[in-house]
Participant: 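Here you go, one structure.
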There are 2 protein chains.
Amino acid sequence: MSKNSVSNSVIRRLPRYYRFLGELEKQGTVRISSRELSEKMALTASQIRQDLNCFGGFGQQGYGYNVSELREKIGEILGVHSGNPIILIGAGNLGRTIATHMSFAERGFRLIGIFDIDPKLSGVEIGDLKVRNSIELERFCIENSPTAAVLCIPKEAAAEIAKRLQSYGIKAFWNFSHFDLRSENSDVIVENVHLGDSLMTLAYGLNSMNDTEK
Amino acid sequence: MSKNSVSNSVIRRLPRYYRFLGELEKQGTVRISSRELSEKMALTASQIRQDLNCFGGFGQQGYGYNVSELREKIGEILGVHSGNPIILIGAGNLGRTIATHMSFAERGFRLIGIFDIDPKLSGVEIGDLKVRNSIELERFCIENSPTAAVLCIPKEAAAEIAKRLQSYGIKAFWNFSHFDLRSENSDVIVENVHLGDSLMTLAYGLNSMNDTEK
DNA sequence: TAGATTGTTAATCGATTAACAATC
DNA sequence: TAGATTGTTAATCGATTAACAATC
């Protein structure tokens, strides 16, 4: 039944729409036209209408879109209320920050476990969870059936743990390790976050700006 | 003189090439053809050749590319050795993690200052830097001329601090705040990192996978 | 030289933008 | 009804892929 056909470019814009609509709603804006929204978001009205029409007609001719209704619909599409159980591997600096900083519950997930291979970290509290030792992973997965995992581990460990987690039923990876995780099977999805790449892109921009100046 | 014409899609792939070439070099691979590299990176050989040729002919017909030479060249293009002075605003959880975790020096930057509005954080050591109070920002910028800033602050503060920093000469922003910073003038560049958006994209993928299954 | 693989041009594909008829 | 703005089709633009002549 599903809209398998919606392009990735469109999907990746949905969270941004969701954010802007949230802001508008908070400010008390009731309705908005694609043109007005396009100005706020620095894109074209055409694109907004095209994007939204991938999922159905959310607007009304002559009126525009109802802000909170549209936000709700996009939230529905993204599945922000679906509460998929997710676990986090690697309770280092980055792992702890992600665990406490990311509002999983507002974004379609429920963080139910944090794991680390270092026994010294076992029992340490992060938010309302206690770090468990990675040895417990298999049993925990059998008992709690998480479907997603955040990887905050060194790149050397990524490939192996991803494979292991797949055998425990994990279907989605949010990968912060410095390694390009690839979804071999189509029943596993990967979102690689490469902060370093983002930073280097910024360096390029800054340097080429300087070059042009001269 | 500069290659202003190189498309953003190409630029965003450069750090990934750089990473893969680094791995290859580490493994002792001396030469690689676009076809071999394309298999490792899961893209087409055509694309690799097209991408690289935006910057000049780095290969040799009948041979391929010299791994470490190519890596060096791409590093040059990205400016990984350019050491642009950068400051970080917001020494909370996320700020501390970014400061310690990002290897700025390998990616074209030199982290020279960390700031927070909370006076209680002043003097706290992060890596080899001490947190300063945001009051000192202007003087610090005059004395040290940073050209870039990392924003690890709440979204409410982002617009204002970005404006202020621009008046102190900051040209590039790496923005982690939950706010879409926009570069009004073309002499300022922005790299918005929206981890929340990335996570929601993953939720969409996971949910639509479940939908299709049934 | 023969084989391999680049650099580069041409063809295809997909995504964005423009236009406009439908309709609230 | 008249004005506004969507939903949707068609046109344009850009990015990716294919093909092949140049050349190491």
Side-chain angles (χ1 to χ4, degrees), chain A residues 3-17 20-21 24 29-74 77 180 182 197 201 204, chain B residues 3-17 20-21 24 29-74 77 180 182 197 201 204:
Chain A
K3 281 90 184 175
N4 236 332
S5 48
V6 178
S7 85
N8 204 258
S9 332
V10 175
I11 308 297
R12 294 201 166 275
R13 279 192 292 270
L14 293 182
R16 189 155 176 266
Y17 288 129
F20 274 82
L21 290 165
L24 285 165
T29 310
V30 174
R31 69 160 279 277
I32 196 160
S33 70
S34 57
R35 194 184 47 73
E36 286 172 295
L37 188 58
S38 76
E39 281 160 14
K40 288 199 188 296
M41 296 186 65
L43 33 80
T44 67
S46 257
Q47 181 160 67
I48 293 177
R49 294 206 298 278
Q50 285 276 24
D51 284 356
L52 298 180
N53 268 87
C54 294
F55 304 96
F58 298 148
Q60 190 169 314
Q61 277 105 330
Y63 173 84
Y65 300 87
N66 177 293
V67 172
S68 49
E69 189 191 306
L70 181 58
R71 184 180 120 97
E72 195 48 47
K73 287 275 170 60
I74 293 178
I77 294 163
D180 266 57
R182 230 193 284 180
D197 289 10
T201 303
Y204 175 89
Chain B
K3 283 92 182 176
N4 235 331
S5 48
V6 179
S7 85
N8 204 258
S9 332
V10 176
I11 308 297
R12 294 200 166 275
R13 277 192 293 269
L14 293 182
R16 190 154 177 268
Y17 288 129
F20 273 83
L21 290 165
L24 286 164
T29 311
V30 175
R31 69 160 278 276
I32 195 159
S33 71
S34 56
R35 193 184 48 75
E36 287 172 295
L37 188 58
S38 76
E39 279 159 16
K40 288 196 188 300
M41 296 186 65
L43 32 80
T44 67
S46 257
Q47 182 160 66
I48 294 176
R49 294 206 299 279
Q50 283 277 22
D51 284 355
L52 298 180
N53 268 86
C54 295
F55 304 97
F58 299 145
Q60 191 169 313
Q61 277 104 328
Y63 173 84
Y65 301 87
N66 177 294
V67 171
S68 52
E69 190 191 304
L70 182 57
R71 184 180 120 97
E72 195 46 49
K73 288 273 170 63
I74 294 178
I77 294 164
D180 265 58
R182 229 193 285 181
D197 289 12
T201 303
Y204 175 88

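Chain A is the first sequence line, chain B the second, and so forth, proteins listed ahead of strands; every chain is numbered from 1.
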Participant: Report the residue (A/V10 or B/F58) whose heavy-atom-nearest nucleotide on DNA chain C is the more 5′ of the two.
Facilitator: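 Closer to the 5' end of DNA chain C: B/F58.
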Participant: Mapping B/L43 and B/G62 onto DNA chain D by nearest heavy atom, which one lands closer to the 5' end?
Facilitator: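 Whichever sits nearer the 5' end wins; that is B/L43.
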Participant: Strictly below 4.0 Å, N to O, side chains only: are A/K40 and A/E36 in salt-bridge contact?
Facilitator: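 Here A/K40 does not pair with A/E36 in a salt bridge, since their nearest N and O are not under 4.0 Å apart.
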Participant: Would you name the heavy atoms of B/F55 and B/V10 that are closest together and state the gap between them?
Facilitator: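 Scanning both residues completely, I find the closest heavy atoms to be CE1-CG1, 4.1 Å.
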Participant: Taking any heavy-atom pair under 4.0 Å as a contact, classify B/S9: base, sugar-phosphate, or nothing.
Facilitator: sugar-phosphate
Participant: Cut-off 3.5 Å, side chains only: do A/Q47 and A/T44 have a donor facing an acceptor?
Facilitator: no
Participant: Working note: B/V30 + B/V67, criterion side-chain contact (heavy atoms from CB on, under 4.5 Å); need CA distance, chi angles, decisive distance, verdict.
Facilitator: CA-CA 5 Å; B/V30 175; B/V67 171; 6.0 Å; no
Participant: Under a criterion of less than 4.0 angstrom to any heavy atom of chain B, what are the 5'-terminal and 3'-terminal contacting nucleotides of DNA chain C?
Facilitator: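 It runs C/dA4 to C/dA10.
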Participant: Short question: side chain of A/R31, backbone of A/Y63 - any donor-acceptor pair under 3.5 Å?
Facilitator: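 Yes, A/R31 side chain to A/Y63 backbone: donor-acceptor pair under 3.5 Å.
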Participant: With heavy atoms under 4.0 Å as the rule, sort A/S46 into base, sugar-phosphate or nothing.
Facilitator: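 Counting heavy atoms under 4.0 Å across all strands, the contact made by A/S46 includes a base.
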Participant: For DNA chain C, just give me the dot-bracket, please: Watson-Crick or G-U, both distances below 3.5 Å, ( ) intra-strand, [ ] crossing earlier pairs, | paired with another strand, . unpaired.
Facilitator: ..||||||||||||||||||||||
Participant: Taking all atoms of both residues into account, what is the closest heavy-atom pair of A/S34 and A/R49, and its distance?
Facilitator: OG-NH1, 2.9 Å
Participant: Search all heavy atoms of A/I48 against all heavy atoms of A/Y17 and return the closest pair with its distance.
Facilitator: CA-OH, 3.5 Å
Participant: Pick the closest DNA chain C nucleotide for B/R35 and for A/R13 by heavy atoms, then say which residue is nearer the 5' end.
Facilitator: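 That would be B/R35.
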Participant: Do A/N8 and A/R12 pair up side chain to side chain, a donor and an acceptor below 3.5 Å, judged on atom types alone?
Facilitator: yes
